[in-house]
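One structure below.
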Amino acid sequence: MSNDFDEAGCYTRLTASMKEKREIYRFLHVTPRRIFEQLDQFVIGQRRAKEVLAIAAYNHLKRIEYLKFGGETTIRKSNILMMGPSGSGKTYLARTLARILDVPFAYNDATSFTEAGYYGEDVEVAIGRLLYATNQNVNAAENGIVFIDEIDKIARRSGGARTGAGARDIGGEGVQQSLLKILEGEKIFVPLNVTAHWNKYDYVEIDIANILFICAGSFSDMEDVGESKPIGFFSDDDNHAHEASSEDLVKYGFLPELLGRLPVRVQLDALSADELASILTAPREAMIPEYQRLCALDQIQLDFTHDALLEIAGVALKQKLGARALRAIVEKVLHPVLFAGPERAGERIVIEAHDVRRATV
């Protein structure tokens, strides 16, 4: 009886203590749903990806605050692997997430990393960029987000299956081995000068246990890996992504140890024509309002018909570049307007579908 009472009393005291601390926890003002709603203001579509990122972000904040207020045990982080076609919003999602959370963010391209001992960037530079983003504030950097793009480009090469095949794979498996120590490490030495990182005398020690890593890649040649059916976003008849198994990723050329350090995986869908049209006008940083403000400075009222927006989306869809194709298309369509802008002050210009077709033939 006494043991049961002691355990109950201990639990009651712990609950009361945590309740007092929760009153000043920053993350109580944020919930996964609120993070999702804010992401939804900037990113069109990709509901599943936004939900996964919202949960991961919320847990990231809870882990930081838990340790800040004297948590006795470690809550392990869950790094993220995003897979999706080019222009589906992987990088934009990560940048927007960091802005919403108000935490430091560092973008890295995995293709610039090389195995230690070769000319190129060591993986520690990824943390160095995060430190640079905080103006050398170590405490802030230890709670930031590191984004590593083009992660699929460092898949282990085998035989002649990939370009640059050979016995020495300084940009593939060697880089994966190096990434293991920063994806789930504790303290490492990070270069202060990311442009001259070979100078090992300029470094600082950083605890990377709380840094959230988000890796992303298009995996555009996944269908060449084996006989298994293609993943959805690589097939032309289905916009919805299907789950890529760990076995598929190992066959593609990833170390099982690396995949184990990226437990949260989300696959982004290829954007539809309607979603591409919405991207032009709906998000808070939409492209069409941006050009309307630009023309307003020349006293021109610029408008697009709905058919014109759909036509632009259709052209982007054919290029298979996702949202990345939109700006180039809009620039082509608006070229005559922007060239003669100052001479057409006071006019109202409406872009029709035939204007888009004429500019993109």
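Quantities reported herein were computed from a predicted structural model and do not represent experimental measurements.
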I'd like to know if [X] and [Y] make a salt bridge, using a cut-off of under 4.0 Å between side-chain N and carboxylate O.
| X | Y | answer |
| --- | --- | --- |
| K251 | E247 | yes |
| D40 | K50 | yes |
| E37 | R33 | no |

Side chain to side chain contact (heavy atoms under 4.5 Å, CB included) between L53 and V266, worked out: CA-CA 9 Å; L53 285 175; V266 57; 5.5 Å; no
hydrophobic_cluster_shared for [Y] and [X], side chain cutoff 4.5 Å:
| X | Y | result |
| --- | --- | --- |
| L101 | F36 | no |
| V138 | Y132 | no |
| I329 | L317 | yes |
| L310 | I279 | no |
| V264 | I55 | no |

Parallel, tilted or perpendicular: ring planes of Y203 versus F189, cut at 30 and 60 degrees: perpendicular
Parallel, tilted or perpendicular: ring planes of F42 versus Y92, cut at 30 and 60 degrees: perpendicular
Would you call [X] and [Y] a side-chain contact if the rule is heavy atoms closer than 4.5 Å?
| X | Y | answer |
| --- | --- | --- |
| L183 | L258 | yes |
| R265 | L259 | yes |
| I351 | L309 | no |
| F304 | L334 | yes |
| D303 | Q292 | yes |
| I100 | V30 | no |
| E311 | R357 | yes |
| L81 | L249 | yes |

Once you round to the nearest 0.5 Å, how far does [atom1] of [X] lie from [atom2] of [Y]?
| X | Y | atom1 | atom2 | value |
| --- | --- | --- | --- | --- |
| D207 | I127 | CG | CD1 | 10.5 Å |
| R348 | I300 | CZ | CD1 | 13.0 Å |
| F147 | T91 | CZ | OG1 | 3.5 Å |
| S218 | L268 | OG | CG | 11.5 Å |
| K187 | I208 | NZ | CD1 | 11.5 Å |
| I214 | I145 | CD1 | CD1 | 5.0 Å |

Tell me if a side-chain donor or acceptor on [X] pairs with a main-chain N or O of [Y] at a distance below 3.5 Å.
| X | Y | result |
| --- | --- | --- |
| N59 | A56 | no |
| Q46 | D269 | yes |
| K90 | P85 | yes |
| K77 | H60 | no |
| E275 | S272 | yes |
| N79 | F213 | yes |

On a heavy-atom basis, which atom in [X] and which in [Y] lie closest, and how many Å separate them?
| X | Y | value |
| --- | --- | --- |
| I44 | A282 | CD1-CB, 3.9 Å |
| I151 | I148 | CD1-CG2, 4.2 Å |
| A273 | A313 | O-CB, 3.2 Å |
| A126 | A106 | O-CB, 4.1 Å |

Criterion side chain to side chain contact (heavy atoms under 4.5 Å, CB included) on F254 and Q176, from CA distance to verdict: CA-CA 8 Å; F254 279 96; Q176 292 187 53; 3.6 Å; yes
Intermediate values then yes/no, side-chain hydrogen bond (donor to acceptor under 3.5 Å, both in side chains), D109 and T111: CA-CA 5 Å; D109 191 327; T111 58; 2.6 Å; yes
Salt bridge (Lys or Arg N to Asp or Glu O under 4.0 Å) assessment of R95 paired with E285: CA-CA 13 Å; R95 287 188 186 277; E285 297 179 344; over 6 Å; no
Trace of the salt bridge (Lys or Arg N to Asp or Glu O under 4.0 Å) decision for E257 with R261: CA-CA 7 Å; E257 298 91 337; R261 288 163 171 78; over 6 Å; no
Side chain to side chain contact (heavy atoms under 4.5 Å, CB included) between Y291 and R327, worked out: CA-CA 10 Å; Y291 281 98; R327 184 170 292 275; 3.3 Å; yes
Under the side-chain hydrogen bond (donor to acceptor under 3.5 Å, both in side chains) test, residues paired with Q177 that sit two or more places apart: none
C295 and L338: CA distance, side-chain angles, deciding distance, side chain to side chain contact (heavy atoms under 4.5 Å, CB included) verdict: CA-CA 8 Å; C295 289; L338 298 176; 4.2 Å; yes
R48, CZ atom: more than 12 neighbouring heavy atoms under 6.0 Å: no
